[in-house]
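See structure below.
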Amino acid sequence: MSVAQEPATASEIARAVASRKMSALEATEAALARIARRDAILNSFTDVVAERARTRARAVDAAIAAGKSVGPLAGVPFAVKNLFDVKGLATRAGSKINRNSPPASRDATLIEKLEDAGAVLIGALNMGEYAYDFTGENSHDGPSRNPHDPTRMSGGSSGGSGAAVGGGLVPLALGSDTNGSIRVPSSFCGIFGLKPTYGRLSRARTFPFVFSLDHLGPFARTVEDLALAYDAMQGPDADDAACTTRAVEPVTPLLGGDISSLRVALAGGHFQKNLFPEAIEAVARVASALSVTRTIEIPEASRARAAAYVITTAEGASLHLDRLRTRPQDFDGAQLRELFKSVDVLIAPATPCVAPKLGQVNFVLDGVEMPVRANIGIHTQPISFVGLPVVAVPLPLEPMPIGVQIIARPWREDIALRVAHALEKMGVVSAPPPRGF
């Protein structure tokens, strides 16, 4: 199969490889060729592990030729934010200091799980230094750039992950989300992203930022791909003390389930303030498609955002002094449980605006000039604080896409993904092709 004919999504690649219409090595070489052609513009990769990828792809092809099952992600190329340990590479976490560290001796758990499912690691991705970033601008490696307009931000801190998937370099990427670092790049780069429930996916052998708030999750161009990756990564892991012991709860078979009985509401109050017109339009389109007429305020959302800031600052600082704080329980979890007795899904903006220009310092929110870097996550941080599962879905607006958050109760990623899938099938949300090339 030629590069021009290659399948565009992870599920298409996996089906083609499993049926031997395409080899895993062909899929790998095609991804490497795209990176060579496009990444000089996007600057999404910091490391490309080409020979490792080729070796892994040949092993997948050999297993298929021998009649063995290779998993649901057979031959699918993927990449990871460079705070994931990749055997043989220093885990730089976006920093200059860390690249002098010894190479990792073992892959992160989630890399191992994806490769167990047949996927092929292609490389490591640019990110904000030590994950403390919302813009995708890195002073050591340069900014990762938006695939729809390279003069704009990719979002952070998983900016390379958003740019690589949004730019079509790889169909899947992994990132981390402490205050919005999966959802912000998803919004700016026009792709789907999943921040699972806190503790759902193992963080073992990744460089931490804020233990109490760190989540890991996938980026993809379709909901099916997001679900396939998520399912492959589920499961307990004794190497991460926060990882749940819950059994694997597959969501891919549930994507097409009926959503008509779900109680969906708009998140009000904090989530309806500080928005540019494009963010208001995006939420309105989703609400209209789902026939949402009800608005509910998440209790003390503004205080939750403030608390997330405090925890991020305190734990982020103490991390580098080798001291970790435990999470204070100053958000009333009982109020949240009560809220989800009357609603199944909440809809909220992912970012207050489309991707700002690289280097932009300020923007105006509700008539007040505010710093961009500190306020891009104004609508993601309250959700991070309470660890809810969220799917960021892309609205392909012109000239730039923007995301909306689909929020569910803890451990119900399946509900958020079902709603996202329904919106995708309606044509309301989709990942637009990259426009910046």
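What's counted below: heavy atoms across the whole structure, side chains too, no hydrogens, waters or symmetry copies.
Here the side chains of Val283 and Gln272 are not in contact, with every heavy-atom distance at 4.5 Å or above. Proximity of Leu174 to Leu216: side-chain heavy atoms (C-beta onward) are nowhere separated by under 4.5 Å. Considering only heavy atoms from C-beta on, Phe192 stays 4.5 Å or farther from Ile406 through its side chain. Val428 places none of its side-chain heavy atoms less than 4.5 Å from the side chain of Val393. A heavy-atom distance below 4.5 Å is found between the side chains of Leu339 and Leu346. Proximity of His421 to Val391: side-chain heavy atoms (C-beta onward) are nowhere separated by under 4.5 Å. Within the 4.5 Å cutoff, the side chain of Ile191 has heavy atoms near those of the Ser186 side chain. For the pair Phe209 and Ser176, the minimum side-chain heavy-atom distance is 4.5 Å or more.
Counting all heavy atoms, side chain and backbone alike, Glu249 lies closest to Trp411 at OE1-O, 4.3 Å. Nearest heavy atom pair, residue Leu358 against residue Pro150, reads CD1-O, 3.5 Å. Nearest heavy-atom pair, Pro171 versus Ala10, reported as atom, atom and distance to 0.1 Å: CB-N, 3.7 Å. A pairwise comparison of heavy atoms in Leu42 and Pro147 identifies CD2-CA, 3.7 Å as the closest pair. Of all the heavy atoms in Val251 and Asp231, the pair that sits closest is N-OD1, 2.9 Å. Residues Ser181 and Phe219 come closest through the heavy atom pair O-CZ, 4.0 Å.
Salt bridge absent: Arg435 and Asp149 never bring a charged side-chain N and a carboxylate O closer than 4.0 Å. A salt bridge between Asp366 and Lys273 is absent, with no side-chain N of the basic residue lying under 4.0 Å from a carboxylate O of the acidic one. We find that Lys87 and Asp107 are not joined by a salt bridge, their nearest charged nitrogen and carboxylate oxygen being 4.0 Å or further apart. Using a 4.0 Å cut-off between a side-chain N of Lys or Arg and a carboxylate O of Asp or Glu, Arg221 and Glu12 do not qualify as a salt bridge. Comment: Arg54 engages Glu29 in a salt bridge, judged by a side-chain N to carboxylate O separation of less than 4.0 angstrom.
With hydrogens and angles ignored, the 3.5 Å screen pairs a side-chain donor or acceptor of Gln360 with a backbone N or O of Asn362. Looking only at distances, a side-chain donor or acceptor of Asn43 sits under 3.5 Å from a matching main-chain atom of Pro143. Remark: side-chain polar atoms of Asn146 are not paired, donor with acceptor, to backbone N or O of Arg152 under 3.5 angstrom. Judged purely by atom type and a 3.5 angstrom limit, Asn375 has no side-chain atom pairing as donor or acceptor with the backbone of Met370. With hydrogens and angles ignored, the 3.5 Å screen pairs a side-chain donor or acceptor of Gln405 with a backbone N or O of Pro349. Side-chain atoms of Thr135 do not come within 3.5 Å of backbone N or O of Gly156 as any donor-acceptor pair. Under the 3.5 Å distance criterion, the side-chain polar atoms of Ser154 are matched with a main-chain donor or acceptor of Ser144. Although no hydrogens or angles enter the test, the distance criterion places no donor-acceptor pair under 3.5 Å between the side chain of Asn82 and the main chain of Arg92.
Defined by atom type and a distance below 3.5 Å, a donor-acceptor pair is present between the side-chain atoms of Asp85 and Thr91. In this model, a donor atom of one side chain and an acceptor atom of the other lie less than 3.5 Å apart for Thr109 and Asp237. Between the side chains of Thr178 and Asp214, at least one donor-acceptor pair of N or O atoms lies under 3.5 Å. Residues Ser161 and Lys81 have side chains that never bring a donor and an acceptor to within less than 3.5 angstrom of each other.
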Could you go through the side-chain hydrogen bond (donor to acceptor under 3.5 Å, both in side chains) check for Ser384 and Arg183 one step at a time?
-> CA-CA 10 Å; Ser384 297; Arg183 291 161 288 163; 2.6 Å; yes
Salt bridge (Lys or Arg N to Asp or Glu O under 4.0 Å) between Arg99 and Asp141, worked out = CA-CA 11 Å; Arg99 61 196 72 190; Asp141 295 308; 3.1 Å; yes
For Asn126 and Ser44, what are the C-alpha separation, side-chain angles and deciding distance, and is it a side-chain contact (heavy atoms from CB on, under 4.5 Å)?
-> CA-CA 5 Å; Asn126 202 350; Ser44 60; 5.6 Å; no
side-chain contact (heavy atoms from CB on, under 4.5 Å) between Arg200 and Arg246, intermediate numbers included | CA-CA 8 Å; Arg200 172 69 89 170; Arg246 294 169 72 98; 4.2 Å; yes
Going through the checks in order, is the side-chain contact (heavy atoms from CB on, under 4.5 Å) test met by Arg106 and Glu112?
-> CA-CA 9 Å; Arg106 181 180 171 185; Glu112 293 179 347; 2.7 Å; yes
Test side-chain contact (heavy atoms from CB on, under 4.5 Å) on Cys353 and Glu278 and set out the steps.
-> CA-CA 6 Å; Cys353 58; Glu278 59 265 29; 3.7 Å; yes
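One finds the CE atom of Met153 at 8.5 Å from the CG atom of Asp133 (value rounded to the nearest 0.5 Å). Taking CG of Asn98 as the reference point, atom CD of Glu129 lies at 8.5 Å (rounded to 0.5 Å). Atoms CG and OG1, from Asp225 and Thr252 in turn, are 9.5 Å apart once rounded to the nearest 0.5 Å. Rounded to the nearest 0.5 angstrom, Leu417 CG and Arg412 CZ are separated by 11.5 Å. Atom CD1 of Ile383 and atom CD1 of Ile407 lie 4.0 Å apart (nearest 0.5 Å). Summarising the geometry, atom CZ belonging to Arg52 is positioned 11.5 Å from atom CG belonging to Asp47; distances are rounded to the nearest 0.5 Å.
Around atom CD1 of Ile280, more than 12 heavy atoms belonging to other residues, nucleotides or ligands sit under 6.0 Å away. Within a 6.0 Å sphere centred on NZ of Lys357, heavy atoms belonging to other residues, nucleotides or ligands number more than 12.
For Arg294, the salt bridge (charged side-chain N to carboxylate O under 4.0 Å, His left out) criterion is met by no residue, not counting sequence neighbours. Shown here are the ring-ring contact (aromatic ring centres under 6.0 Å, His included) partners of His215, two or more places apart in sequence or in another chain: Tyr198.
Among Leu110, Leu125, Leu121, the one residue that satisfies the side chain to side chain contact (heavy atoms under 4.5 Å, CB included) test with Phe84 is Leu110.
Ring pair His379/Phe271 is tilted by interplanar angle, where 30° to 60° counts as tilted.
Cation-pi contact between Arg203 and Phe211: present, with separation from the ring centre below 6.0 Å and deviation from the ring axis of at most 45°.
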